[in-house]
Structures are given as structure tokens and as C-alpha cells.
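Accompanying notes for the structure given below.
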Amino acid sequence: MKKTLFFTGLLLLLFASLSLALTGVKKRRPLPYEYGRVELNNFSEKAGQIPVVFDHWLHRAKFTCRLCHVDIGFAMKAGTTGIKAADNMQGYYCGSCHNDKTAFAACTTTIPRQNSSKCSRCHSLGRTAVKQYDFRTFTQDFPKGRFGNGIDWEQAEATGKIAPIDFLAGVSIQRDALVVQKDFDLIAKVKGMPEIIFSHKKHTVWNGCELCHPEIFLGVKKGATQYSMTEIYDGKYCGVCHSTVAFPLLDCQRCHTKQVQ
Amino acid sequence: MLVLQFVCSLVLPGLGNTAFASDDWKNEFNTVCGQTQNALAFSVDELKDLIARCDELKPRIKKLDDSQATERKVFLQRLKMCRDFYAFALGTKVDQQ
């Protein structure tokens, strides 16, 4: 009897181990300061440098999404811009601001490779870099959110805690004020789930138009692009931002806001 | 501006023309792509004209030499976003008609 129990237990343990090995363990939820973090390694390691760790929380507090992803030209998908040190040194991409005037210089030739403390402000993957801004100190007075960075960025702007810059001299084009399109509701596919009120105003204030259309949302007419929560969780449509930088998909009630009649 | 260009072309023929040619495509880029926020208020013909101007700009940016490879990459990407959005706005207009 004891022998049978022992073997049953052993079999169960083996089965559980196999299941975990085949399906993988649950992905660790990033810590608040890690949320939105991007690792850049198109060329770093090939050039004998440590990959770059880019903190979205700091940059989104200072600049609009549109400024970086439209005017400066950073692609929306991590790793697809293909930034080289030479690009930064010529004043493009990171070098648009990291030019020793607006912010510390990125990839300048005047920093000897041995002076790793300057390089490691960005090239810091796997290291404890000494950074100018500490997440906890920087965000301590910010309105709190439930998930992601633990910050309600929308409220942070509304209450004047942040004032993201939308224009960079020499890079951005002087534009007229944006005419905001109407908000609309999206009917949830699951019965009983509150409808989604999509606010164009909230999205265009940081993104402009061409950041989302047509690359992320191709459909011209409301309802033309059919998508599901599975696709959103897969990083498509709303999931392009709302699973990486903007409040995550766990925060259901921030989108599903309209009560079902 | 034209007088300055003329003087430059006399004093420094090659340099003057190159510098202004460079300014030319950037000015055109700024004019064309600086209107995306108004795109949905434009008529079909205006949008078609903007798309055509984007298409004319593309080979001019592609022609930038290798010393301007980064500039070429950045502006081709920016031009694509701008052109695609005008095409999107045009699709919206046509759909509404």
C-alpha cells in the first residue's frame, strides 16, 4: 500500500514537472519601475557594449508618445528601429535630445570606452546603473494607478504633475492644434460585459493621428476592423500600447466603462 | 531667398545648389507632413494632392548619399507614416461619400 502511494506521488510529481516544462511557468509581472522597459540590442553586443535599457516611465513623463514615435521616428515595435551609435552621434533618435545640451550625450566619440560610468547610464542591462532619476522618488507625489507602473498617468497630466513636451525644435514640424474626433462606444462581445467608451481626446492628446492610423488600426469605418481580446492580449490593436507602456489589460474597468442597459 | 540662392550659385556653384536642394526637400516635407492633424477636414482632391506630393518626395529622400544615411532612414519612415495617414483619411472620405 505504502509502495503504491509512493509511486503514485512520484508519478504525479513527474507529471506536474512535465506540464510546467512543456507549457512554461507563469510570466513574472514586471515591477512598477520595470513596466514599459525596452532592451535595445541591435548592435550593442556586436560592438562590444552591454545592451541598452530604456525606461519608458521617465521618457513618457517628459515627452508625448507622438514626439518620439512620429517626429523622431522610433518604431512602435521594440527592436525594429535599428538604432546605431552613429545615428545618435549625428543627432537622430536618442541623439535628438541626448546631445549634451538637452540631456547627457548619447554615444559621443569624446567619451573613452573605458569611462563606463557614462556609457552605462544607458548600456546597463544586467547591471545596477547609477541613474539621474530614481523611479520611487520621481513618482512619489503622482496619482496612483492599480497596475503597470502603479501611476495614473492621465491624472498625473491633468493635475500638472507632468507636462509632456510635444515639440522639439529642429525636429518637430510646427502644426495647428488638433481637431479632436468624436468619442465612440465599442460593444463587448461577451454578454454582460460593460461596453467600451473609446475616447479620441484622451488618445490624440499624446499620440496625434498617424501613430495609430493606419499602422495599428487600419479600418476606416467603425466596426470595419474586427478584433478580439485574444488579439489584444497578443499585442495587437489596443495591446500595442496597453500591454507594454499604457495601463495594462488587467485594468478592465478603465476601458469597459459603459453600463449595459 | 532666391537672391541668396543666386549669389551662392555664382560664388560657390556646387555648394550653393546642394545646400538649397537639401533645404528644398525638407521644406516640402515640413509643408506636406505638417498638415496631418487637419487631414480629415480636407477634400478628396486635397488629400490626393498631398499623397502625390509625398510620392514625389520619396525618391528625392532616397537619393540622399550614404553620408546622410541616418537622415534618409528617419525621413523615409516619417514620410511613410504621413503618406499612409493621408491615404487612410482619403479612404475615410471616399467611404463617407
Side-chain angles (χ1 to χ4, degrees), chain A residues 42 66-77 80-96 107 166-182 200 204-205 207-225, chain B residues 19 22-44 46-48 50-51 53-55 57-58 61-62 64-97:
Chain A
N42 289 111
R66 201 195 60 78
L67 181 67
C68 299
H69 291 286
V70 176
D71 291 354
I72 295 177
F74 286 108
M76 290 296 283
K77 197 172 179 189
T80 57
T81 313
I83 309 157
K84 293 179 177 173
D87 299 337
N88 294 333
M89 283 188 262
Q90 286 175 44
Y92 292 96
Y93 299 121
C94 313
S96 305
C107 307
D166 194 38
F167 183 86
L168 194 61
V171 174
S172 306
I173 308 170
Q174 200 82 52
R175 293 175 167 95
D176 295 339
L178 185 73
V179 180
V180 177
Q181 299 300 305
K182 284 178 188 166
H200 252 119
T204 49
V205 70
N207 300 330
C209 311
E210 60 268 56
L211 188 63
C212 302
H213 300 294
E215 193 183 334
I216 300 171
F217 291 97
L218 181 64
V220 167
K221 202 176 169 186
K222 184 191 155 192
T225 312
Chain B
S22 162
D23 281 353
D24 267 359
W25 74 258
K26 257 190 197 168
N27 288 338
E28 175 68 354
F29 173 83
N30 287 345
T31 310
V32 174
C33 293
Q35 301 177 60
T36 50
Q37 74 285 5
N38 302 322
L40 292 171
F42 290 147
S43 68
V44 167
E46 283 171 322
L47 287 166
K48 280 182 179 170
L50 285 164
I51 292 168
R53 285 169 73 179
C54 286
D55 291 339
L57 254 175
K58 194 176 174 181
I61 300 174
K62 270 190 168 174
L64 294 177
D65 61 43
D66 285 346
S67 66
Q68 293 169 290
T70 308
E71 195 168 20
R72 185 172 58 207
K73 185 168 76 167
V74 169
F75 279 92
L76 280 175
Q77 165 67 14
R78 291 178 68 179
L79 183 71
K80 184 185 179 301
M81 287 183 95
C82 150
R83 194 233 181 252
D84 287 354
F85 183 65
Y86 287 136
F88 172 84
L90 179 65
T92 309
K93 286 273 163 189
V94 171
D95 203 53
Q96 280 170 354
Q97 284 176 352

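Keep in mind the model is a prediction, meaning the values are calculated, not measured. Just so it is clear: chains get the letters A, B, ... in the order the sequence lines come, proteins before strands, and each one is counted from 1.
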Are the side chains of Gln77(B) and Thr81(A) in contact, using a 4.5 Å heavy-atom criterion? no
Report yes if the side chains of Cys209(A) and Thr36(B) come closer than 4.5 Å at any heavy-atom pair, otherwise no.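 Of all side-chain heavy-atom pairs linking Thr36(B) with Cys209(A), none is under 4.5 Å.
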Kindly compute the distance separating CZ (Arg83(B)) from CD (Glu210(A)), expressed to the nearest 0.5 Å. 14.5 Å
Taking salt bridge (charged side-chain N to carboxylate O under 4.0 Å, His left out) as the test, write out the residues that go with Lys73(B), two or more places apart.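 Scan of Lys73(B) (salt bridge (charged side-chain N to carboxylate O under 4.0 Å, His left out), adjacent residues dropped) gives Asp87(A).
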Which atom names give the shortest non-hydrogen contact between [X] and [Y], and what distance separates them?
X	Y	answer
Tyr93(A)	Thr70(B)	CE1-CG2, 4.3 Å
Pro214(A)	Phe85(B)	CD-N, 4.0 Å
Arg78(B)	Val70(A)	CG-O, 3.4 Å
Leu211(A)	Met81(B)	CA-CE, 4.0 Å
Ile173(A)	Asn30(B)	CG2-O, 3.4 Å

Partner set under disulfide bond (SG atoms under 2.5 Å apart) for Cys33(B), not counting sequence neighbours: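 With sequence neighbours excluded, Cys33(B) shows a disulfide bond (SG atoms under 2.5 Å apart) to Cys82(B), given in chain and number order.
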Side chain, backbone, both or neither of Asp84(B) within contact of chain A (heavy atoms, under 4.5 Å):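 Contact with chain A: backbone and side chain both.
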Side chain, backbone, both or neither of Tyr86(B) within contact of chain A (heavy atoms, under 4.5 Å): neither
What orientation do Tyr92(A) and Phe75(B) show, parallel under 30°, tilted 30 to 60°, or perpendicular over 60°?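 Answer is perpendicular, since the angle exceeds 60°.
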